[in-house]
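First the structure, in the form of structure tokens, and then the observations on it.
Counting starts at 1 for both ligands and their atoms, in listed order.
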Amino acid sequence: MHISICLLPGDGIGPEIVAQTVKVLDAVNARFGHTISTQTALIGGAAIDATGVPLPEATVNACKKADAVLLGAVGGPKWDGIERDIRPERGLLGIRKALGLFANLRPALLFPELASASFLRPDIVARGIHIMVVRELTGGIYFGEPKGFEEREGEQAAFNTMVYRKSEVERIARIGFETAMKRDKRLCNVDKANVLEVSQLWRATVVAMAREYPEVELTHMYVDNAAMQLVRDPSQFDVIVTGNLFGDILSDEAAMLTGSIGMLPSASLGTTSPFLYEPIHGSAPDIAGQDKANPLATILSLAMMFRHSFELETEAVAIEEAVRQVLKAGYRTGDIMEDGGTLVGGEKMGDLVAEKMG
Ligand code: IPM
Ligand code: MG
């Protein structure tokens with residue numbers, strides 16, 4: 001079977017962590033006899049520097065031709081002053097939209113080896129953290145029209161629109177229910193239906209779909225309460241389904257509970273491939289180019305790619321197992337360093353995981 005991956009290294013630590021992940025991909029190819037190939041395209045600040053725009057047409061075409069896309073990270077202080085329509089982040093939002101990637105799966109799980117890295121009390125952590133945030137990714141206030149700046153009553157004003165069509169809610173709700181069916185069958189819908197009309201439609205749509213999934217225990221939470229409950233007792237959550245903005249915020253919060261944002265992967269899925277995989281963390285410009293960045297979130301994103309895009313579960317598990325072995329052996333990058341661990345750089349971490357794959 002011939003498979004091709006389009007790599008979008010992007011900015012900051014993006015190129016380093018993608019390079020480490022390619023080592024692991026090579027090891028998977030060797031061990032399982034695949035010939036998965038890669039090609040690289042520009043996105044974000046790197047694309048702005050080379051072409052003047054954060055998402056060149058050539059990049060969209062290269063992604064569309066590939067079977068899956070692996071992204072590093074975009075953005076950095078160098079491009080902070082740039083006109084807002086061509087900010088690096090526009091590249092990321094643009095590729096999600098161009099590929100129709102409406103469903104963002106963000107697992108927040110605690111690696112037992114890293115339990116002491118959590119910021120929560122040990123007795124709370126001991127109850128376990130194994131949450132899947134299912135975030136709507138191509139709608140809501142991020143993309144709603146109208147939006148813009150204007151003058152209102154003699155002063156500057158700015159506005160965005162939070163809008164969801166029923167069909168947009170249905171397709172993400174379905175992913176939420178289906179994901180719950182494969183897990184602990186508990187789905188928590190998060191919205192702000194006590195205030196927002198858009199949330200009232202959202203909730204009614206989720207409730208209507210629940211009839212198709214009698215085995216799934218559906219609950220609802222307002223987003224402010226959900227933010228609190230995540231910290232109070234994260235073990236109560238299995239799958240969370242929510243809109244674009246709430247999901248952006250809650251997935252960072254959920255990730256931080258595990259104490260290791262450098263460990264968490266994500267998958268952005270649509271109706272047809274290619275799908276996109278990227279670490280949850282950003283471009284970390286402060287440590288870029290120093291071989292300090294933890295490549296494990298990107299390596300685990302590759303595992304998600306094998307699972308969701310290629311349906312090669314054995315390979316996915318092998319990658320996850322290799323990561324676990326390296327952690328068990330005590331190797332740590334700076335972000336997850338603890339007493340008694342062996343501090344290694346990103347390069348070494350990539351080599352170690354690739355070796356374990358062999
Ligand atoms: C994320 C990021 C992006 C988002 C930014 C960089 C546009 O925060 O993937 O969560 O808000 O979706
Ligand atoms: Mg975010």
Using atom types as modelled and distance alone, determine if a side-chain donor or acceptor of Gln236 lies under 3.5 Å from a backbone N or O of Asp233.
yes

Going by salt bridge (Lys or Arg N to Asp or Glu O under 4.0 Å), name the pairs with one or both residues in residues 219-232, residues two or more places apart or in two chains.
Lys192-Asp224

Side-chain heavy atoms of Leu327 within contact of Arg332, under 4.5 Å
yes

Starting from the Mg ion (ligand 2), count all protein N, O or S atoms within a radius below 2.8 Å.
1

Verify, without hydrogens or angle tests, whether Arg135 (side chain) and Asn104 (backbone) share a donor-acceptor contact under 3.5 angstrom.
no

May I have a table of the N/O to N/O pairs between ligand 1 and the protein that fall below 3.5 Å, each row giving the two atom names and the distance to 0.1 Å?
residue, atom, partner, partner atom, Å
ligand 1, 8 (O), Asp248, OD1, 3.3
ligand 1, 9 (O), Arg96, NH2, 2.7
ligand 1, 9 (O), Arg106, NH2, 2.8
ligand 1, 10 (O), Arg106, NH1, 3.1
ligand 1, 10 (O), Arg106, NH2, 3.1
ligand 1, 10 (O), Arg135, NH1, 3.3
ligand 1, 10 (O), Asp248, OD1, 2.9
ligand 1, 11 (O), Tyr142, OH, 2.6
ligand 1, 11 (O), Asp248, OD1, 3.4
ligand 1, 12 (O), Arg96, NH1, 2.7
ligand 1, 12 (O), Arg135, NH1, 3.3
ligand 1, 12 (O), Arg135, NH2, 2.8

Is there a side-chain contact (heavy atoms from CB on, under 4.5 Å) between Thr35 and His2 once you walk through the steps?
CA-CA 6 Å; Thr35 52; His2 187 255; 3.7 Å; yes

Donor-acceptor pairs under 3.5 angstrom involving side-chain atoms of residues 344-356: please list them, not counting sequence neighbours.
residue, atom, partner, partner atom, Å
Glu347, OE1, Lys23, NZ, 3.0
Asp351, OD1, Lys23, NZ, 2.8

Rounded distance (nearest 0.5 Å) linking atom OG1 of Thr314 with atom CZ of Phe32
6.5 Å

Distance-only donor-acceptor check, side chains His220 and Asn189, under 3.5 Å
yes

Establish, from distance only, whether the side-chain atoms of Tyr277 and Ser309 form a donor-acceptor pair under 3.5 Å.
yes

